[in-house]
Amino acid sequence: MIRVLIFFAMLFLAALGFAWMADLPGTISVSWNGYVWEQPPVVVALVVGIVLVAFLVVIGVIRAILKSPQIAGRFFKQRRKDKGYTALSQGLIALGTGNAKMARRYGLDADKLLNEEPATKLLLAQTAQLAGKDGEARQRFEAMLDDPQTKTLGLHGLFVEAERQKEPVAARHYAEEAVKAAPGLEWAGKAVLGYQAVAHHWDEALKTLERNYTSKLLDKKAYRRQRAVILTALAHNLEDNDPDRAFSLAKEAHGLALDLVPAAVITSRLATRRGDIRKASKVIEATWRLSPHPELAETYSHVRTGDSAVDRLKRAKSLAAQRANTAEGAVAIAKAALEAREFEEARTQLKKVLQSEPTRAAFILMAEVEEAETGDKGRVRDWLARAVKAPLDKAWIADGVVSSEWQAVSPVTGKLDAFQWSSPGSLNEEDGVLLEDSLFEAPVLPASTPAKDPAAEHVGPEVTAASQTKDASDEKPEEAADAKVVELKAEPQSEESSKTTKDTEPAPNAKSDVKAAAAPVKKEGYEGTTDDVKFAPPLKDLPDSPAASAPSDKASAAATPEKDAGAGKAKTDEPEKAASDATPDKQAAEPAAAVNGTSEDGKSDEKKAKDEDLDRPIEFPLSRMPDDPGTDDDEDADDKKKGARPRFFN
């Protein structure tokens with residue numbers, strides 16, 4: 001719109017000028033060689049303009065004729081360039097689609113049409129890479145190094161080739177050369193920093209990080225985090241050789257990134273070595289509030305050297321209170337409580353963890369608590385079996401690599417600060433089983449109080465065991481199978497047994513031994529496990545106890561061969577039936593030998609009976625535990641040769 005107004009304004013001025021010239025009085029007269037030309041000023045001006053235009057046209061035609069070769073050359077050059085750029089464009093499109101053959105053909109055409117064009121060199125080099133011609137690609141990239149305009153392009157191509165060929169030394173060299181040629185290259189700066197970190201050249205990595213930050217290749221937040229990681233790694237290397245410098249570096253790293261767990265752990269550990277307990281505790285507490293971690297709890301518990309287990313438990317509770325309701329805090333308290341033998345506290349804390357965030361470590365720790373408190377192997381195995389199917393514990397993970405220790409750089413990609421504390425994929429995708437509250441309670445077998453009998457106080461342990469065996473053998477199999485808890489009661493004594501007891505009363509010098517043997521044994525074991533087998537009544541289909549199956553040596557010597565043959569049958573029948581094959585005289589001798597302790601010749605020796613009762617081992621109803629497979633030898637053959645004998649178990 002403005003241009004239109006300007007055009008009309010200029011046209012108006014021109015018309016105004018012609019009108020002014022038309023109004024001028026007089027004429028213009030030109031005389032030359034006797035010829036006079038007189039015209040008004042307007043006509044003269046018009047004629048002069050026409051002559052001037054004609055002159056300019058003639059001059060232009062003459063110049064065009066003179067420069068026609070140049071004009072023709074420029075035309076053909078432009079046409080060639082257009083064809084070259086068209087081929088280059090089509091080559092790039094073919095390269096993008098993965099058609100290496102077509103891309104190479106268009107690239108060669110573009111290289112012929114476009115002389116010294118960097119884009120054509122790049123197209124041909126990348127086409128060689130796509131076709132797998134590594135040698136040709138390296139040659140074309142190396143040719144670019146001679147031209148300052150394409151030097152960085154060639155270095156990048158050689159860097160990519162070195163990484164593809166897994167040559168880290170060459171790749172680092174090309175990246176460093178690229179940084180020198182152009183400090184602002186992002187790929188070069190990050191590559192150099194990564195290779196220095198992988199090689200643990202932390203001092204050089206710090207300088208490279210500063211240069212990248214100066215070149216604005218990363219923001220301030222990323223710079224602080226990466227600097228903290230590098231300082232932590234450097235402090236970890238110097239912790240043993242130069243603890244003073246390591247402490248200053250770790251402290252700076254902790255200030256840059258409060259949630260960096262390794263920095264806090266190293267700072268606290270070195271502060272403890274310096275005797276600064278307050279500083280060591282404050283560092284752990286600050287990091288714990290941001291990111292709870294088991295290493296923080298372990299370091300905090302041992303921040304003061306020489307603390308007792310109870311003191312460490314108090315410190316664990318204090319740290320857990322800094323951030324309540326965390327699984328890491330509950331596990332830390334449980335570990336400290338286990339060391340302090342506070343089993344109830346350990347069970348309470350593990351109950352919280354296992355009902356909210358169950359892990360294998362928590363189940364294993366629960367098994368340790370069970371073993372330390374009760375020693376119940378059955379429950380220990382149950383907790384360990386649950387641990388097998390539990391979710392995996394948290395660990396340091398980076399690029400698919402699971403590590404128990406933190407590392408500053410990924411071993412796969414070389415990325416700085418790649419490890420994160422998280423849970424790896426569980427092996428069991430099914431949901432966990434709901435744990436009932438009763439599983440976390442310490443099991444206690446209800447102990448029955450034996451009935452006090454004045455007559456049983458003077459009965460020795462051998463008589464008591466024999467009476468228990470007799471009571472158990474008189475029970476029916478159905479009653480024995482249904483019984484869960486057996487109450488050990490003293491058998492009421494008759495007059496004959498009282499007399500026998502008086503006769504078999506130990507000598508005064510063996511009184512202390514008899515009392516020790518007759519002391520009530522404390523019941524141990526828990527219902528539902530293999531430990532309560534000792535409390536179960538014997539079954540009649542099991543082998544008889546030695547006291548019931550094997551007679552005394554002298555009585556067996558007096559028995560007839562027929563009685564020995566009927567001994568196997570007596571395992572399931574009553575003792576009277578087993579003795580039916582013996583002669584009447586021998587049958588009369590057996591009760592006398594059993595009651596009065598007399599020998600086959602009728603000689604009674606009270607002292608000898610006393611010694612036999614004292615020396616006789618404690619006999620149990622079962623020959624072995626139900627889950628005891630026994631020995632590989634044939635026990636039946638040994639029993640025939642050696643006779644029945646009691647087997648003991650703990």
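Computed over heavy atoms, backbone and side chain alike; hydrogens, waters and symmetry mates excluded. Just so we're clear, the structure is a prediction, and the values are computed from it rather than from any experiment.
Using a distance-only test at 3.5 Å, with no hydrogens or angles considered, a donor-acceptor pair links the side chain of Thr326 to the main chain of Gly329. For Ser301 (side chain) and Ala297 (main-chain N/O), a donor-acceptor pair under 3.5 Å exists by modelled atom type. Judged by distance alone, with hydrogens and angles left aside, the side-chain atoms of Thr287 form a donor-acceptor pair with the main-chain N or O of Leu258 at under 3.5 Å. Using a distance-only test at 3.5 Å, with no hydrogens or angles considered, a donor-acceptor pair links the side chain of Arg360 to the main chain of Ala390. Formation of a donor-acceptor pair under 3.5 Å by the Ser268 side chain with backbone atoms of Ala264 is not found in this model. Side chain of Arg289 to backbone of Gln322: no donor-acceptor contact under 3.5 angstrom is found. Using a distance-only test at 3.5 Å, with no hydrogens or angles considered, no donor-acceptor pair links the side chain of Asp109 to the main chain of Ala87. Counting only distance, with no hydrogens or angles, the side chain of Thr86 and the backbone of Asp82 share a donor-acceptor pair below 3.5 Å. With Ser215 contributing its side chain and Leu217 its backbone, the two residues share no donor-acceptor pair below 3.5 Å.
Environment of CG in Asn325: sparse, with no more than 12 heavy atoms of neighbouring residues, nucleotides or ligands closer than 6.0 Å. Atom NZ of Lys121 has more than 12 heavy atoms from other residues, nucleotides or ligands within 6.0 Å.
Residues Trp406 and Thr232 are in side-chain contact: their nearest non-hydrogen atoms beyond the backbone lie under 4.5 Å apart. A heavy-atom distance below 4.5 Å is not found between the side chains of Val303 and Ile284. Side-chain contact check for Leu313 versus Glu339: every heavy-atom pair is 4.5 Å or farther apart. Leu108 places a side-chain heavy atom less than 4.5 Å from the side chain of Leu124. Side chains of Asp111 and Leu123 form no contact here, defined as non-hydrogen atoms less than 4.5 Å apart. Side-chain contact check for Leu145 versus Leu158: some heavy-atom pair is nearer than 4.5 Å. The closest side-chain heavy-atom distance from Lys81 to Leu114 is below 4.5 Å. At a threshold of 4.5 Å between non-hydrogen side-chain atoms, the residues Thr272 and Thr299 do not count as touching.
Note: Arg63 CZ to Ile65 CD1 = 12.5 Å, rounded to the nearest 0.5 Å. Annotation: the span from Leu218 atom CG to Leu209 atom CG amounts to 6.0 Å, rounded to 0.5 Å. To the nearest 0.5 Å, atoms CD (Glu239) and CG (Leu270) are separated by 4.5 Å. Atom NZ of Lys377 and atom CG of Leu384 lie 10.0 Å apart (nearest 0.5 Å). The distance from atom OG1 of Thr208 to atom CZ of Arg211, rounded to the nearest 0.5 Å, is 4.5 Å.
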Original post:
Is there a side-chain contact (heavy atoms from CB on, under 4.5 Å) between Asp259 and Arg225 once you walk through the steps?
Top reply: CA-CA 10 Å; Asp259 59 340; Arg225 179 70 182 187; 3.0 Å; yes
Subject >> Candidate pair Gln78 and Arg74, rule side-chain contact (heavy atoms from CB on, under 4.5 Å), full reasoning >> reply: CA-CA 6 Å; Gln78 185 65 34; Arg74 189 182 303 115; 5.6 Å; no
**OP:** I would like to know whether His236 and Trp202 meet side-chain contact (heavy atoms from CB on, under 4.5 Å); could you show each step before the answer?
**Re:** CA-CA 11 Å; His236 179 71; Trp202 302 117; over 6 Å; no
Subject >> From CA spacing to verdict: side-chain contact (heavy atoms from CB on, under 4.5 Å), Leu365, Val353 >> reply: CA-CA 11 Å; Leu365 185 59; Val353 178; over 6 Å; no
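Under 4.0 Å is where a charged nitrogen must lie from a carboxylate oxygen, and between Arg164 and Glu161 at least one such pair does. Using a 4.0 Å cut-off between a side-chain N of Lys or Arg and a carboxylate O of Asp or Glu, Glu252 and Arg227 qualify as a salt bridge. Under the 4.0 Å criterion applied to side-chain N and carboxylate O atoms, Arg138 and Glu142 are not assigned as salt-bridge partners. Looking at Arg347 and Glu370, a side-chain N of the basic residue comes within less than 4.0 Å of a carboxylate O on the acidic one, giving a salt bridge. Under a 4.0 Å N-O distance rule, the pair Arg104/Glu136 qualifies as a salt bridge. One finds no salt bridge joining Asp311 and Arg304 here, because no Lys/Arg side-chain nitrogen approaches an Asp/Glu carboxylate oxygen to under 4.0 Å. Ion pair Glu176/Lys180 not flagged as a salt bridge, since none of the NZ, NE, NH1 or NH2 atoms sits closer than 4.0 Å to an Asp/Glu carboxylate oxygen. Taking the charged nitrogens against the carboxylate oxygens, Asp203 and Arg245 do have a contact shorter than 4.0 Å, which makes a salt bridge.
Residue Glu328 is tested with Lys394, Arg323, Lys335 for a salt bridge (charged side-chain N to carboxylate O under 4.0 Å, His left out); the sole match is Lys394.
With sequence neighbours excluded, the residues forming a side chain to side chain contact (heavy atoms under 4.5 Å, CB included) with Arg274 are Asp244, Phe247, listed by chain and number.
If you check the side chains of Ser281 and Arg315, you find a donor sitting under 3.5 Å from an acceptor.
Nearest heavy-atom pair across Ala197 and Val409 is O-CG1, 3.8 Å. For the pair Ala171 and Tyr195, the tightest heavy-atom approach, listed with the atom from each and the gap, is CB-OH, 3.5 Å. In terms of heavy-atom proximity, Ala119 sits nearest to Leu88 at CB-CD2, 3.6 Å. Across all non-hydrogen atoms, the minimal contact from Arg341 to Ala372 is NH2-O, 3.3 Å. Closest heavy-atom contact between Ala228 and Ala257: CB-CB, 3.8 Å. The two residues Leu354 and Ala362 make their nearest non-hydrogen contact at CD2-CB, 3.4 Å.
Aromatic pair His293/Trp396: ring centres closer than 6.0 Å.
Ring planes of His156 and Trp187: perpendicular class, angle over 60° (limits at 30 and 60°). Ring planes of Phe363 and Trp383: tilted class, angle from 30 to 60°.
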